[in-house]
Amino acid sequence: MLCLWVGVSTLAGCIEEYEADIPEDDSNLLVVEGAICSGKTNKFILSRTQPLNSTFSPGSTPRMVTGATVSVRGSDGSEYRMQEAGGCYTCLIVDLAPDVDYYLHIETGGDVYESVPQKPIRTEAIEEVVAVQDTPESNIDILVTPAEPSEPTQPYYYSWTYDETWEVHPEYTTNLFYDTVEKKPVFKLYQFPERGWKDMASSTIMVGASQNYEGQHIRRLKLYDIDRGSSRVYYRYSGLVHQRAISKAEYEYELARRQASSEMGGLFTPQPSALPTNIRCLTSKKHVIGFVGCALNTSEYRFFLSPDDFSIYHPRQPDARIWIEDPSEAVCRQQVERGLYLCEWITPMNSPTGTLRTAWASRSQLDVRSQGAYIEEPPFWSLEENTSY
């Protein structure tokens, strides 16, 4: 969605300045977000710009366009019709022909819109993705290097997104369970999962150009960084970088969108109808916001990070469990009724105070699912080496 911020490479030579001429009298413009890609499910999101008297900010709920007719069409007569779910339009495109021009066709609100037909662009593989921490106190930088281009005299343009997956552990673990019938602690293995995983997709699009690189070969371009104190890198972390070759026009659109957003405090305040676009309204002179790229393929690279390879800030937290000394059977039962679970049962012989000591924790402290994690191991988690797709 266009409400997402666009992250652009800040390396010298990778950014061209753009001065947006923004009119103030356009509103309710159609916003199109997405790209035509071969070999994957294509997704396009349609929305409308905010009214001029409203304040747009990242995280605002966009005005989604529902009930539209959307399809990808080819100059060879092919057509891929999209299914809609709440303003999101999707379809699977298995193969695009390299010699066919493709475009997006939209019918909504009595108007017809089409993107400029274009042949799909082939994307090189990703040579490597590396993680670098300059000092023990630095964040961890994620750097990408596309494969060497086939034409070293021609400029290349790319866009990148990424997905993250990381392992999470519970705050505490326990193999004990207080049996209110037997009135004593019993061993109960595997009552809570030992670990889980969380996922997150990037909310940014990064773009880069090759002009200032030797042989037009981009090397070690920073995509994003991870705070060394983030829980994402406490255990094991995996990133999946998606790379798509784009045209110079799409690259310039992304730069202009970035600059319009930063200059106006919000992408659609006022409405940036002067942004470059390759989408036109065939039935009126209405402006459109968006740029539809077309890719013959996308490249991906999965990498893994281990905390042993970096300086990770993982401070030990104070014990947040509830400790009760010499509890009666009634007190133990009360903890169970409160939804607490027995974690420690230290007999007087082993207790420094010579009395029974018990510790209790809540489900949220013991079950990673309470943190929003899932417990089915991702199929790629068993991989031991980085992999290019």
Side-chain angles (χ1 to χ4, degrees), residues 1 3-5 7 33 40-41 43 45 57-62 64 85-88 90 129 131 139-140 142 160-177 188-206 223-242 300-310 312-322 335-343 359-383:
M1 291 177 291
C3 61
L4 302 179
W5 295 95
E33 181 76 1
K40 63 187 301 183
T41 296
K43 179 172 70 174
I45 298 174
S57 62
S60 298
T61 302
M64 306 305 295
C88 179
T90 60
V129 175
N139 292 342
I140 301 170
I142 307 302
W160 294 276
T161 58
Y162 59 90
D163 298 320
E164 301 175 278
T165 301
W166 63 96
E167 188 174 311
V168 295
H169 291 190
E171 191 174 352
Y172 303 101
T173 60
T174 182
N175 291 324
L176 296 175
F177 184 82
K188 186 176 182 180
L189 298 176
Y190 311 120
Q191 56 183 319
F192 297 109
E194 296 180 352
R195 59 178 179 168
W197 292 266
K198 287 186 176 182
D199 296 325
M200 185 168 64
S202 62
S203 59
T204 59
I205 299 173
M206 288 67 66
L223 294 184
Y224 65 102
D225 59 38
I226 307 172
D227 191 305
R228 75 183 188 98
S230 170
S231 60
R232 292 178 292 170
V233 290
Y234 282 174
Y235 305 104
R236 195 184 190 213
Y237 172 96
S238 178
L240 180 63
V241 175
H242 310 273
E300 296 179 336
Y301 191 100
R302 181 169 294 284
F303 66 97
F304 296 89
L305 304 182
S306 169
D308 296 336
D309 298 329
F310 303 93
I312 303 300
Y313 179 66
H314 188 178
R316 187 179 185 87
Q317 299 298 323
D319 193 343
R321 296 173 296 180
I322 297 175
Q335 305 314 306
V336 174
E337 291 174 348
R338 291 175 58 196
L340 298 179
Y341 295 84
L342 180 63
C343 292
W360 305 78
S362 66
R363 176 177 288 273
S364 63
Q365 295 172 305
L366 298 166
D367 194 337
V368 293
R369 291 170 292 192
S370 299
Q371 305 175 32
Y374 57 90
I375 60 174
E376 299 79 17
E377 181 174 306
F380 55 82
W381 209 248
S382 60
L383 295 176

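Reckoned from all heavy atoms, side chains included, excluding hydrogens, waters and symmetry mates.
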Problem set entry | Heavy-atom pair of closest approach, residues Ile45 and Met64 | CG2-CE, 3.3 Å
For this session: Measure the OH-CE distance between Tyr162 and Met200 for me, rounded to the nearest 0.5 Å.
Result: 6.5 Å
Problem set entry | Straight-line distance of Glu164 CD to Leu240 CG, nearest 0.5 Å | 11.0 Å
Exercise. Is a side-chain N or O of Arg236 found less than 3.5 angstrom from the main chain of Trp381, in a donor-acceptor match?
Worked result: yes
For this session: Could you verify whether a donor N or O on one side chain and an acceptor N or O on the other, from Ser364 and Ser362, lie under 3.5 Å apart?
Result: yes
Exercise. Is any side-chain heavy atom of Asp367 closer than 4.5 Å to a side-chain heavy atom of Pro170?
Worked result: no
For this session: Taking Thr174 for its side chain and Leu342 for its backbone only, find out whether a donor-acceptor pair lies under 3.5 Å.
Result: yes
Problem set entry | Smallest separation among heavy atoms of Ile140 and Ala131, with atom names | CG2-CB, 3.8 Å
For this session: Would you please test Leu340 and Arg321 for side chain to side chain contact (heavy atoms under 4.5 Å, CB included) and show each step?
Result: CA-CA 10 Å; Leu340 298 179; Arg321 296 173 296 180; over 6 Å; no
Problem set entry | Flag if over 12 foreign heavy atoms under 6.0 Å of NZ, Lys198 | yes
Exercise. Quick check: does any side chain N or O of Tyr190 sit under 3.5 Å from a backbone N or O of Asn175, one acting as donor and the other as acceptor?
Worked result: no
For this session: Determine yes or no for a side-chain-to-main-chain donor-acceptor pair under 3.5 angstrom, with Gln191 supplying the side chain and Leu176 the backbone.
Result: yes
Seminar exercise, completed: The residue among Gln335, Arg363, Gln365 that forms side-chain hydrogen bond (donor to acceptor under 3.5 Å, both in side chains) with Tyr341 is Arg363
Problem set entry | CD1 on Ile322 to CH2 on Trp360, rounded to 0.5 Å | 10.0 Å
Seminar exercise, completed: Of all heavy-atom pairs linking Tyr234 and Gly229, the shortest is OH-O, 3.3 Å
For this session: Quick one: closest heavy-atom pair of Thr204 and Thr161, and the distance?
Result: O-CG2, 3.8 Å
Problem set entry | Tyr172 side chain vs Ala320 backbone, donor-acceptor pair below 3.5 Å | yes
For this session: Check the pair Val129 / Ile142 against side chain to side chain contact (heavy atoms under 4.5 Å, CB included), numbers first and verdict last.
Result: CA-CA 7 Å; Val129 175; Ile142 307 302; 3.6 Å; yes
Exercise. Roughly how far, to the nearest 0.5 Å, is CZ of Phe192 from OG of Ser370?
Worked result: 8.0 Å
Exercise. At what distance, to the nearest 0.5 angstrom, does CZ of Phe310 lie from CG of Asn139?
Worked result: 12.0 Å
Exercise. Is there a side-chain contact between Val233 and Pro307 (heavy atoms, below 4.5 Å)?
Worked result: no
For this session: For Leu223 and Met206, work out which heavy atoms get closest and say how close.
Result: O-CG, 3.6 Å
Exercise. Aromatic rings Trp166 and Tyr237: how do their planes relate, parallel, tilted or perpendicular, breaks at 30° and 60°?
Worked result: parallel
Seminar exercise, completed: Between Gln371 and His169 the two heavy atoms that sit nearest each other are NE2-O, 3.7 Å
Exercise. What is the distance from atom CZ of Phe304 to atom CZ of Phe380, rounded to the nearest 0.5 Å?
Worked result: 6.5 Å
